[in-house]
Structure formats: C-alpha cells, structure tokens
Amino acid sequence: MIEISGHTQLTGLLGSPVAHSISPMMHNEAFRRLGLDFVYLAFDVKKPQLAAALEGLKALGVRGFNLTMPLKSAMAQLADELSPAARLCGAVNTIVNDNGVLKGYTTDGTGYMRAAARAGHPLPGKVMTLLGAGGAATAILVQGALDGMKEIRVFNRKSPTYEKAEALAAQLCAKTSCRVTLHDLNDTDALGESLQTSDILTNATNIGMAPDIDSCPIADETMLPPGLVVSDIIYNPRETKLMRLAKSRGCEAFNGLYMLLYQGAESFRLWTGMDMPVDIIREKMTYREE
Ligand code: NAP
C-alpha cells in the first residue's frame, strides 16, 4: 500500500468507463517500487464534464493525468500546449501540469516504437504495412514518421476514418522524410504486394480482439512472406489468430502487451522524470491473470 502524506502528488486517469483499467495498478506499483510519493486514481469523467474536471485538477495542482475514451480528441482542443505528435494525431493521452500550464502528449506511438525495439526490431529506416487508421494506428503512424521510418503503407476499409487519414498522410509526407500511402484494406492484391516488400506488418485494427478471436485481418497465411515481422497491438488474447498464422509461416510475431506497458512508462517518465520498472510491472500483470 502507498503511504499517503501531505506531500503526495496526484496523478490519474480520466475517461468513461475507467474502472476496468490496469493503469492504476501499473503506476501505483511503479511509484511504490521506486519509493515515489505519488498516487494514481481513476476518475469516471464524460465529455460534458471534461472542462470542469480540468479546472478542478488545475486548481488542486495535480502533477498530471492520462486520458482514455472518449476524451482524447477533446483534450487536444483544451490543452494549453501540444507535443508535435499530439498535434499531428489530434489526440492527447497524457497531460503534464506545469504550474497551471497543461501540456498534452500522446504516448501510444512511442510505446509501440519501444516495444518493437525491445522485440529486436528497431523501426527507423524500415518499411511498415499498417492495418487500421483509428486512434492507435494514427499514433503509430505519426511516431513512426517522426522517428524516421522509411515508408508506412496504411490499409483501412473505405470509411470516414479512411477519408480522415488522407489528410494526415499528405501532412506527414510534407513534414517528414517518411513516405506515407493509404490503401483500401479490402484490396487484397495491393495488401499482398505490400507485404512482399515490407519489414513489418502491424495490425492496429480491432480484428482478432476478444471476443472475436477467430477473426484475422488477412485472408490467409500465404500472404505472409517468411522473414516478415508480424505484430499485433491487441493484447487480449495474448496470441491472436494473425500471430498464429505468422508463426506457422516461420515469421516472428509479438503482441501489444509491451506497447501497453511502454505507453504507460512514457507517461510515468513525463510526470516523475524516472523510468518505470517495466519488467516488474509485466510480472505483476501475469500474476494478476492467474
Ligand atoms: P479505433 O480508434 O476505434 O480504431 C479501430 C480501427 O480498426 C479503425 O481503423 C477501424 O476502421 C478498424 N476496424 C475495426 N473493425 C474493423 C473491421 N471489422 N474491419 C475492418 N476494419 C476494422 O480503436 P483504437 O483505439 O485504435 O484500437 C484499435 C485496437 O488497438 C484495439 O484492439 C485496441 O485494444 C488496441 N490498442 C492497443 C493498445 C496497446 O497499448 N497495445 C493501445 C490502444 C489500442 P473504421 O474506422 O473504418 O471502422
């Protein structure tokens, strides 16, 4: 248990629903392990209450907080300052309160880049086929482009999300050295061709996420050339159908668990200046699942 004192600094999570989140466990365990006088709480806040909640948090002098559904885009409008990645994403999942100035960041993309590097696949200079153009995919796309990936080919079904992604792809091509292209996820030929010349396939759609565990974003395993690295940002189930197919082709595959841990670790670093003991937290998560 964390000892609350008169000096304890408050951090937390705003969103709705939040009761299921593992973030309080992650951050409180890390504070405890490092002996930091901080606490992390979850607050169920809906969009109409966000502005009032921000005024209150500012008045109370909290150190910072995370934002989850449905508040990430609204927070990008209300933050006083935005990091380059948060500005490009139009979404904020982490706020640092610097003496009443709310600085907005997005850490999902950094979390993914660090998770890939940890799996032995640093991504700068590499070519990615990215499935999905929603919130998490956008964070990966933006961070990948900012971090010097050579090319990212985004595949999404034709939808309002696809139309939104067109503007971002053009912006990233203009502002970074990364070549970003957008394709229809239902164009199996284009997807197959892209996979032949990619270093990594990243699934950032919901396809394959529990309870829909028999779904897979690719038609069959013959689309995966041996040597392609396959990553799924889904972490429930731990091994998706896509990952199973990849392994059957001799491809290396990793899931979204370390992305989840490293996005939290990046928020933690922004608030405390310290590195989260990620491996200890990972063990604790396994223990909780048993
Ligand atoms: P989101 O903003 O709702 O985006 C979902 C994406 O999946 C969109 O591109 C959507 O396309 C696509 N999609 C959904 N169902 C589809 C279907 N049946 N066929 C084709 N495309 C489909 O959600 P998100 O927040 O980005 O989350 C996406 C996934 O990433 C979830 O499984 C989530 O658990 C996981 N995630 C993991 C982490 C982590 O730390 N590991 C972090 C965030 C999210 P349309 O918009 O066109 O429907």
Side-chain angles (χ1 to χ4, degrees), residues 13 15-18 20-23 25-27 66-76 85 89-94 105-116 118-119 129-144 152-169 182-188 191 201-219 230-243 253-268 276 278 281-282 285:
L13 173 66
S16 189
V18 288
H20 66 286
S21 170
I22 67 149
S23 292
M25 182 282 285
M26 276 173 74
H27 289 282
N66 287 133
L67 297 115
T68 187
M69 276 192 341
L71 304 178
K72 291 183 180 186
S73 319
M75 189 67 241
C89 290
V92 161
N93 78 342
T94 305
Y105 300 83
T106 173
T107 66
D108 282 337
T110 323
Y112 181 77
M113 297 299 282
R114 284 191 67 185
R118 182 190 172 104
T129 295
L130 176 61
L131 309 183
T138 299
I140 293 169
L141 171 64
V142 164
Q143 200 63 48
I152 304 176
R153 305 164 185 155
V154 181
F155 285 78
N156 202 83
R157 59 184 170 189
K158 288 285 174 88
S159 69
T161 306
Y162 184 100
E163 285 161 30
K164 225 174 118 193
E166 281 179 321
L168 178 61
L182 187 59
H183 311 265
D184 184 355
L185 183 59
N186 293 320
D187 185 345
T188 317
L191 179 56
L201 164 65
T202 304
N203 177 37
T205 70
N206 298 331
I207 305 170
M209 186 172 76
D212 192 19
I213 57 171
D214 291 325
S215 297
C216 183
I218 58 158
V230 175
S231 86
D232 209 320
I233 71 163
I234 292 171
Y235 48 86
N236 180 20
R238 289 285 193 259
E239 186 173 72
T240 59
K241 184 171 177 189
L242 174 65
M243 291 172 64
F254 63 94
N255 67 15
L257 199 58
Y258 274 98
M259 171 177 171
L260 181 70
L261 283 161
Y262 281 122
Q263 62 76 30
E266 182 60 13
S267 302
F268 188 88
M276 178 183 272
V278 165
I281 307 296
R282 166 78 183 86
M285 282 164 89

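Just follow the structure's listing: the first ligand is 1, and inside any ligand the first atom is 1. Starting from 1, each residue takes its place in the sequence as its number.
Tyr258 is not listed as a side-chain neighbour of Arg114, based on a closest heavy-atom distance of 4.5 Å or more. At a threshold of 4.5 Å between non-hydrogen side-chain atoms, the residues Arg118 and Phe254 do not count as touching. Between Leu191 and His183, the closest side-chain pair of non-hydrogen atoms is not below 4.5 Å. Side chains of His27 and Asn66 form a contact here, defined as non-hydrogen atoms less than 4.5 Å apart.
Nearest to atom 47 (O) of ligand 1 among the protein's heavy atoms is Ser159 OG, 2.6 Å. The nearest protein atom to atom 33 (C) of ligand 1, hydrogens excluded, is given as Met209 SD, 4.1 Å; this is a heavy-atom distance. Nearest protein heavy-atom neighbour of atom 4 (O) of ligand 1: Gly134 CA, 3.4 Å. Counting protein heavy atoms only, atom 11 (O) of ligand 1 is closest to Asn156 OD1, 3.5 Å. When hydrogens are left out, the protein atom nearest atom 1 (P) of ligand 1 is Gly135 N, 4.0 Å; that is the closest non-hydrogen contact. Counting protein heavy atoms only, atom 45 (P) of ligand 1 is closest to Thr161 OG1, 3.5 Å.
Closest to atom 38 (C) of ligand 1 by heavy atom, among Met259, Arg157, Glu163, is Met259. Compare Leu260, Thr205, Ile207, Thr68 by their heavy atoms: the one nearest to atom 12 (C) of ligand 1 is in Thr205. Of the listed residues (Asn203, Ile233, Asn206), the one carrying the non-hydrogen atom nearest atom 35 (C) of ligand 1 is Ile233.
Atom CG in Leu71 sits 11.5 Å away from atom CG in Asn93 (nearest 0.5 Å). Atom CG in Leu257 sits 13.0 Å away from atom CD1 in Ile234 (nearest 0.5 Å). The line from CG of Leu260 to CD1 of Ile281 is 11.5 Å long, rounded to the nearest 0.5 Å. Expressed to the nearest 0.5 Å, how far CE of Met75 lies from CG of Leu67 amounts to 6.0 Å.
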Using the rule given for side-chain hydrogen bond (donor to acceptor under 3.5 Å, both in side chains), can you reason through Tyr105 versus Thr110, listing the C-alpha separation, both sets of side-chain angles and the distance that settles it, and then say yes or no?
CA-CA 10 Å; Tyr105 300 83; Thr110 323; over 6 Å; no
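The atoms of ligand 1 that sit less than 4.0 Å from any heavy atom of Ile234 are 32 (O). Counting the atoms of ligand 1 from 1 in the order shown, those under 4.0 Å from a heavy atom of Gly132 are 9 (O). Taking a cut-off of under 4.0 Å to the non-hydrogen atoms of Leu185, the atoms of ligand 1 that pass are 20 (C). Of all the atoms in ligand 1, the ones that sit under 4.0 Å from a non-hydrogen atom of Gly256 are 39 (C), 41 (N). The contact set between ligand 1 and Ala136, taken as ligand atoms under 4.0 Å from a residue heavy atom, comprises 24 (P), 26 (O), 43 (C), 44 (C).
Only side-chain heavy atoms of Tyr235 come within less than 4.0 Å of ligand 1; its backbone N, CA, C and O stay farther off. Contacts between Ala204 and ligand 1, counted as non-hydrogen atom pairs separated by less than 4.0 Å, involve the backbone only.
Side-chain atoms of Asn255 do not come within 3.5 Å of backbone N or O of Tyr235 as any donor-acceptor pair.
When the options Leu130, Asp232, Leu141 are evaluated for a side chain to side chain contact (heavy atoms under 4.5 Å, CB included) with Thr202, the one that passes is Leu130.
Taking a 4.0 Å cut-off on heavy atoms, Gly111 fails to register as neighbouring ligand 1.
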